[in-house]
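Here the structure is laid out as structure tokens; the discussion comes afterwards.
Atoms within each ligand, like the ligands themselves, are counted from 1 in listed order. Bear in mind the structure is a predicted one, so any value in this text is a computation, not a measurement.
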Amino acid sequence: MFKICVIGAGYVGSTTAALFASLGNTVSAFEINEARLESLRAGNLPMFEPGLQGYLREGISKGRLEFTNDLSSAANDADFVFICVPTPSLEDGSADMSFVLQAARSLSGIVKAGAILITKSTVPVGSVSDLEREIARPDVHVVSNPEFLREGSAVFDFFNPDRIVIGSSNRTAAEKVAELYAKVQAPILITDSKSSELIKYASNSFLAIKLSFVNEIARLCDGLGANAEDVLNGFGLDSRIGSKFTRTGPGWGGSCFPKDTRALSALAKSFEINLQMVDAAIESNLNAKLHVIKILRRSLGGQLQGKRIAVWGLTFKAFTDDTRESPAIHICQLLLEQGCEVVSFDPQVREVSSRAIAIADSAIDCTHGADALLVLTEWPEFSEAIPSEVLESMAGDSVIDTRGVLDPANWRAAGANLRILGNSN
Ligand code: UDX
Ligand code: UDX
């Protein structure tokens, strides 16, 4: 078993640290955020990630997992150092590498001879070479090993990945990284570091393109009076297309797709190459949100100004507490701009940066006196709500379901003027 250091204990870093510890390795995770650090040390996961807390506590109690703000003690005897710090978007869309490069610089005088530095964070193509320059240690190899973990199912994805991608010009270093995954059943693809970095961007961008297309077809279904659920089922059953990632919604969001599509597009432009499909997917994703506003306006007889809108769901999808680039928050902001009053509820969100978005204590409280109810995230508890109770609490009867989670027969029987995205005629 190995000694592993993880730099940055966020969504990706905490998962990486706790699950490598569960495979028998000794893991020390470095984190700069004091509140996050204290919480992790106490065995309390500071974010919502189903199933992870148990692994965190098990790792700590078995003495295989620790969290620290002392980089030297975390990294000095590590065989592998995973970099899991953020790579947010800069103004031109490109990825901000300052945290990653700073981590490499700090590690230069600390890591032992022969240690392997691994980029888990999504980094621009060519970053491995930049990191090698930054760490300036010929005895230390830098290897790309992108993460493909979905929030909400990160534990399952860690143990059951579709593939493990490892990129390095040094075959021995790549094979050492592959050994870390010996207990995980998955195809391992070893390639050069640039190709590995590009696989990550290409995968996320393709999925974003697929979703933008799916949502465009759903919008067309709204115009035509066709049923998007059936159309997309029929489309996904073609094995060349596939039924995964065919659920309509209010647009794609989260900490990866928006940032990664922008970064790939910016990277291509620096080579005077236009990735028109990626750019179109980004633009189309804004239209997905505007379309939700359009359906809502139509349902309210053309008037949004002064309306009280109850919003169910603020996270970018269910089973996470993450609101980064959430389409739900963006839609709330668009509603505020239209002069609406917005009262929201999300089982995992107690505050958002915009104070104008009110947060209720429960799904039913949120609907009190509302002219319309807008469902933006597919939390199971929204499917379980009792339509008659909700409609009694509301002032109006307009209900818009952008995730297909409400039972249409029940809601209509209770008197809802229900519109389902992709089937809203
Ligand atoms: C991060 C990257 O944003 C993403 O590009 C990559 O694909 C995976 O890693 P995530 O884990 O979701 O994603 O980010 P976040 O939850 O913000 O965690 C990053 C952690 O690093 C935070 O806890 C932050 O406090 C910490 N950090 C940040 C450091 O420890 N050192 C730093 O210099 C900067
Ligand atoms: C993504 C990648 O899937 C994962 O491999 C890793 O690279 C990190 O980024 P994540 O952002 O956690 O994972 O969420 P994901 O499940 O991919 O969903 C992204 C967005 O697409 C969400 O807003 C989600 O609601 C939306 N989505 C997804 C749909 O609207 N319909 C679908 O069928 C699937």
Side-chain angles (χ1 to χ4, degrees), residues 6-17 29-37 39-40 46-47 49 67-69 71 74 82-89 95-106 119-124 127 145-154 157-158 161-163 165 197 199-208 210-215 218 232 236 242-261 263 285 288 313 315-328 330 376-378 402-404 421:
V6 172
I7 313 273
Y11 287 85
V12 172
S14 297
T15 309
T16 304
F30 169 79
E31 170 58 50
I32 50 168
N33 179 314
E34 280 298 325
R36 198 168 259 198
L37 183 63
S39 175
L40 287 161
M47 68 281 290
E49 185 58 53
F67 295 90
T68 176
N69 54 7
L71 185 64
F82 280 96
I83 297 194
C84 301
V85 296
T87 48
S89 292
D96 178 355
M97 283 291 288
S98 56
F99 299 121
V100 174
L101 295 175
Q102 176 56 41
R105 270 193 295 276
S106 317
T119 55
K120 253 294 163 218
S121 295
T122 306
V123 290
S127 294
N145 172 219
E147 56 87 12
F148 298 101
L149 306 172
R150 287 164 303 168
E151 287 178 26
S153 52
D157 290 351
F158 180 90
D162 285 343
R163 78 298 206 192
V165 176
E197 291 161 338
I199 287 169
K200 172 65 194 271
Y201 280 112
S203 303
N204 276 356
S205 297
F206 180 82
L207 292 170
K210 186 173 183 183
L211 286 177
S212 279
F213 181 77
V214 157
N215 284 331
L232 294 165
S243 55
K244 290 182 180 161
F245 268 70
T246 57
R247 289 191 322 274
T248 55
W252 40 269
S255 65
C256 286
F257 286 4
K259 162 175 81 67
D260 293 352
T261 45
N285 198 38
T315 52
F316 75 97
K317 63 173 185 179
F319 303 107
T320 179
D321 58 356
D322 198 345
T323 55
R324 283 179 286 182
E325 306 229 21
S326 169
H330 192 176
L376 295 177
T377 310
E378 70 282 23
T402 68
R403 297 279 193 173
L421 181 69

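For the residue pair Ala263 and Tyr201, the shortest heavy atom distance occurs at CB-CE2, 3.7 Å.
Close approach of ligand 1 to Asn33 (heavy-atom distance below 4.0 Å) involves ligand atoms 25 (O). For ligand 1, the atoms lying closer than 4.0 Å to a non-hydrogen atom of Phe99 are 33 (O), 34 (C). Residue Pro86 approaches ligand 1 through these ligand atoms, each under 4.0 Å from one of its heavy atoms: 2 (C), 3 (O), 17 (O), 19 (C), 21 (O), 28 (C), 34 (C).
A donor-acceptor pair under 3.5 Å is absent between the side-chain atoms of Thr68 and the main chain of Ala74, judged by distance alone.
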Short N or O contacts of ligand 2 with protein, under 3.5 Å, listed by atom name?
{"residue": "ligand 2", "atom": "5 (O)", "partner": "Phe148", "partner atom": "O", "Å": "2.9"}
{"residue": "ligand 2", "atom": "7 (O)", "partner": "Lys200", "partner atom": "NZ", "Å": "3.3"}
{"residue": "ligand 2", "atom": "7 (O)", "partner": "Asn204", "partner atom": "OD1", "Å": "3.3"}
{"residue": "ligand 2", "atom": "7 (O)", "partner": "Asn204", "partner atom": "ND2", "Å": "3.3"}
{"residue": "ligand 2", "atom": "12 (O)", "partner": "Glu151", "partner atom": "N", "Å": "2.7"}
{"residue": "ligand 2", "atom": "12 (O)", "partner": "Lys317", "partner atom": "NZ", "Å": "3.2"}
{"residue": "ligand 2", "atom": "14 (O)", "partner": "Lys317", "partner atom": "NZ", "Å": "3.0"}
{"residue": "ligand 2", "atom": "16 (O)", "partner": "Lys317", "partner atom": "NZ", "Å": "2.9"}
{"residue": "ligand 2", "atom": "23 (O)", "partner": "Gly253", "partner atom": "N", "Å": "3.0"}
{"residue": "ligand 2", "atom": "23 (O)", "partner": "Phe316", "partner atom": "O", "Å": "3.0"}
{"residue": "ligand 2", "atom": "25 (O)", "partner": "Phe316", "partner atom": "O", "Å": "3.3"}
{"residue": "ligand 2", "atom": "25 (O)", "partner": "Arg403", "partner atom": "NH1", "Å": "2.9"}
{"residue": "ligand 2", "atom": "25 (O)", "partner": "Arg403", "partner atom": "NH2", "Å": "3.4"}
{"residue": "ligand 2", "atom": "31 (N)", "partner": "Arg247", "partner atom": "O", "Å": "2.9"}
{"residue": "ligand 2", "atom": "33 (O)", "partner": "Thr246", "partner atom": "N", "Å": "3.4"}
{"residue": "ligand 2", "atom": "33 (O)", "partner": "Arg247", "partner atom": "N", "Å": "3.0"}

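Listed by chain and number, the residues in a side chain to side chain contact (heavy atoms under 4.5 Å, CB included) with Phe148 are Pro146, Arg163, Val165, Ile199, Lys200, Ser203 (sequence neighbours excluded). Remark: Asp157 engages Leu149, Arg150, Ser153 in a side chain to side chain contact (heavy atoms under 4.5 Å, CB included) (not counting sequence neighbours). Residues satisfying the side chain to side chain donor-acceptor pair (under 3.5 Å) test with Arg36, not counting sequence neighbours, are none.
Heavy atoms of Gln102 come nearer than 4.0 angstrom to ligand 1 in no pair at all. A heavy-atom separation below 4.0 Å is found between Ile32 and ligand 1.
For Cys84, every heavy-atom contact with ligand 1 shorter than 4.0 Å involves the backbone, none the side chain.
Side-chain contact check for Arg247 versus Val214: every heavy-atom pair is 4.5 Å or farther apart. Proximity of Leu421 to Arg403: side-chain heavy atoms (C-beta onward) are nowhere separated by under 4.5 Å. Two residues are said to be in side-chain contact when any heavy atoms from C-beta on lie closer than 4.5 Å; Glu31 and Phe67 fail this criterion.
Just one residue in the list Thr15, Asn145, Thr16 forms a side chain to side chain donor-acceptor pair (under 3.5 Å) with Lys120, and that residue is Asn145.
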